[in-house]
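To start, I am sharing the structure in question, which I have written as structure tokens.
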Amino acid sequence: EMRKFEKSFVNSDFCNFLQKKYFFRKFFDFIGKELEGNALEIGCGIGVTTELLSARYKNLDFTAIDFDKGQVKLAKEGKKSGKIRFMQGDATNLKFKDRSFDYVFESDVFHHIKNYSDAIKEVSSVLKKNGVFYLMDISKYCFIWPVRLLFPPESFFTKKEFMEKLTENGFRVEKSAGNLIFLVQ
């Protein structure tokens, strides 16, 4: 779970504005196509990113998880789309059948997971054979002092290191963009 200051920032109108007007526009441009089927979002927080994904990809049914029960409660209370199911869950121990999802999304979450390589393994197991993992996360180079004091990550990695973990777990990286805040498919 995030510390109190970090959680209040992540849940703030300012952060939600940045997600909507900047980061997710880049994410959607990066994905660049329509998607349909079943999707899992890891680390949904209060549901803002899930709602953005659901509004953009109207042909996807979403299951969205977060480790923090309080965040999930807020997501359920603010739910706007009927195609989203919010639930508490652990990315390093997903409780879904193998090969359940066409897509898995992660945005700025894996740096919060101490054993993020375990989470990558779990994503690999719940994705269908030709499923796609879309992710956006923050490189260790963003966590300079004092940022690291205010927003302490559980894991430090570069885009290259993260892509190596993906490859080790059977993923084929189709494309990537950015370095400090990076996107990978």
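When a residue number appears, it is its place in the shown sequence, counting from 1. The figures here come from the full heavy-atom set of this structure, side chains too, leaving out hydrogens, waters and symmetry mates.
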Ile138 with Ile144, same ILVMFWY side-chain cluster at under 4.5 Å: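 Ile138 clusters together with Ile144.
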Calculate, to the nearest 0.5 Å, the distance between atoms CG and CD1 belonging to Asp90 and Ile42 respectively. 10.0 Å
Do the ring planes of Phe24 and Phe27 sit parallel (below 30°), tilted (30 to 60°) or perpendicular (above 60°)? perpendicular
Can you list the steps and then say if Arg56 with Leu53 is a side chain to side chain contact (heavy atoms under 4.5 Å, CB included)? CA-CA 5 Å; Arg56 172 62 180 86; Leu53 289 163; 5.9 Å; no
Give the minimum heavy-atom separation between Leu150 and Glu6, together with the two atoms involved. O-CB, 4.1 Å
Hey, is the main chain of Gln88 close enough, under 3.5 Å, to the side chain of Asp66 for a donor-acceptor pair? no
To the nearest 0.5 Å, what is the distance between SG on Cys44 and CD1 on Ile65?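 Output value for this atom pair is 7.5 Å.
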State, with a plain yes or no, whether a side-chain heavy atom of Phe171 is found less than 4.5 Å away from one of Leu127.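 They are in side-chain contact.
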Please confirm whether the backbone N or O of Ser125 pairs with a side-chain atom of Arg99, one donor and one acceptor, at under 3.5 Å? yes
Near Lys160 NZ, under 6.0 Å, is it more than 12 heavy atoms from other residues, nucleotides or ligands? no
Looking at Tyr141, I'd like to know if its OH atom is crowded, meaning that more than 12 non-hydrogen atoms belonging to other residues, nucleotides or ligands lie closer than 6.0 Å.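 Open.
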Test: Lys159 and Glu164 ion pair at under 4.0 Å: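 A salt bridge is absent here (no side-chain N lies under 4.0 Å from a carboxylate O).
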Checking Phe17 against Phe14 for the ring-ring contact (aromatic ring centres under 6.0 Å, His included) test, could you report, in this order, the C-alpha distance in whole Å, the side-chain angles of both residues, the deciding distance, and whether it holds? CA-CA 5 Å; Phe17 174 82; Phe14 175 71; 7.3 Å; no
Would the distance check show the side chain of Glu51 and the main-chain N or O of Val48 forming a donor-acceptor pair, the cut-off being under 3.5 Å? no
Is there a side-chain contact between Ile113 and Glu154, using heavy atoms and a 4.5 Å cut-off? no
Closest approach of Ala39 and Phe105, non-hydrogen atoms and distance?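 The answer is CB-CE1, 3.8 Å.
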Quick one, Phe110 and Val123 - any side-chain contact, counting heavy atoms below 4.5 Å? yes
For Ser117, is there any backbone N or O sitting under 3.5 Å from a side-chain donor or acceptor partner on Asn115? no
According to a hydrophobic-cluster definition based on side-chain heavy atoms being under 4.5 Å apart (Ile, Leu, Val, Met, Phe, Trp, Tyr only), do Phe67 and Met87 belong together? no
Leu52 and Phe23, any side-chain heavy atoms less than 4.5 Å apart: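 No. Closest side-chain heavy atoms not under 4.5 Å.
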Strictly by modelled atom types, are Thr49 and Glu41 linked by a side-chain donor-acceptor pair under 3.5 Å? yes
Between Glu106 (side chain) and Leu135 (backbone), is there a donor-acceptor pair under 3.5 Å?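 No; judged by distance alone, with no hydrogens or angles, the pair does not exist.
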Indicate the atoms forming the closest heavy-atom contact of Arg148 with Pro153, along with that distance.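 Smallest interatomic distance, heavy atoms only, reads CG-CD, 4.1 Å.
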Heavy-atom neighbours of Asn93 CG exceed 12 at 6.0 Å: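 Enclosed: over 12 neighbouring heavy atoms sit under 6.0 Å from CG of Asn93.
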Any donor-acceptor pair under 3.5 Å from Thr167 side chain to Met163 backbone: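 Yes: the side chain of Thr167 pairs with the backbone of Met163.
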Looking at Arg172 and Glu174, does any basic side-chain N land under 4.0 Å from a carboxylate oxygen? yes
Heavy-atom side-chain proximity of Lys121 to Ser124 below 4.5 angstrom: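 Not in contact.
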Does Glu36, at its CD atom, have more than 12 non-hydrogen atoms belonging to other residues, nucleotides or ligands within less than 6.0 Å?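 Counting neighbours around CD of Glu36, 12 or fewer heavy atoms of other residues, nucleotides or ligands fall under 6.0 Å, so no.
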Between Lys83 and Asn59, the two heavy atoms sitting closest are NZ-CA, 4.4 Å
When the ring planes of Tyr134 and Tyr103 are compared, do they come out parallel, tilted or perpendicular, using 30° and 60° as the limits? parallel
Within the distance-only criterion (no hydrogens, no angle test), does the side chain of Arg85 pair as donor or acceptor with the backbone N or O of Thr63 below 3.5 angstrom?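 It does not hold such a pair.
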Centroid-centroid distance, Phe28 to Tyr57, less than 6.0 Å: yes
Between Phe157 and Ser139, is the side chain to side chain contact (heavy atoms under 4.5 Å, CB included) condition met? List the steps. CA-CA 6 Å; Phe157 45 75; Ser139 170; over 6 Å; no
What is the minimum heavy-atom distance between Ala75 and Gly45, and which atoms define it?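 That would be CB-O, 3.7 Å.
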Walk me through whether Asp68 and Lys7 qualify under side chain to side chain contact (heavy atoms under 4.5 Å, CB included). CA-CA 10 Å; Asp68 187 317; Lys7 191 184 296 189; 2.5 Å; yes
Taking everything shown except Lys79 itself, do over 12 heavy atoms lie less than 6.0 Å from its NZ?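 For Lys79, atom NZ is crowded (more than 12 foreign heavy atoms under 6.0 Å).
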Do Val72 and Lys69 make a side-chain contact, defined as non-hydrogen atoms from C-beta onward lying under 4.5 Å apart? no
Considering only heavy atoms from C-beta outward, does the side chain of Leu40 approach that of Leu94 to under 4.5 Å? yes
Is the number of heavy atoms from other residues, nucleotides or ligands under 6.0 Å of Phe151 CZ greater than 12? yes
Using the side chain to side chain contact (heavy atoms under 4.5 Å, CB included) rule, take Phe162 and Ile120 through it: C-alpha gap first, then chi angles, then the decisive distance, then the call. CA-CA 10 Å; Phe162 197 93; Ile120 291 172; 3.9 Å; yes
For Ile84 and Ala64, the nearest pair of non-hydrogen atoms, with its separation, is CG2-CB, 4.5 Å
As an exercise, state the distance from OG of Ser12 to CG of Leu18, rounded to the nearest 0.5 Å.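 Nearest 0.5 Å value for the OG-CG distance: 8.0 Å.
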Any donor-acceptor pair under 3.5 Å from Lys95 side chain to Gly89 backbone: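 Flag not set: sc Lys95 to bb Gly89 has no pair under 3.5 Å.
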Ring-plane angle category for Phe143 and His111, please: parallel below 30°, perpendicular beyond 60°, tilted otherwise.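 Plane angle between 30° and 60°, so tilted.
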Parallel, tilted or perpendicular for Phe9 and Phe5, by the 30°/60° rule? parallel
Examine distances only and state if a side-chain atom of Asn38 and a backbone atom of Asp102 form a donor-acceptor pair shorter than 3.5 Å.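 Side chain of Asn38 to backbone of Asp102, a donor-acceptor pair under 3.5 Å: no, none is there.
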Is the backbone N or O of Ala91 less than 3.5 Å from a side-chain atom of Glu122, with the two atoms forming a donor-acceptor pair by type? no
Would you kindly say whether Gln71 and Asn11 are connected by a side-chain donor-acceptor distance under 3.5 Å?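 Yes, Asn11 and Gln71 have a side-chain donor paired with an acceptor closer than 3.5 Å.
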N-O pairing of Glu161 and Lys165 below 4.0 Å: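 Salt bridge absent between Glu161 and Lys165.
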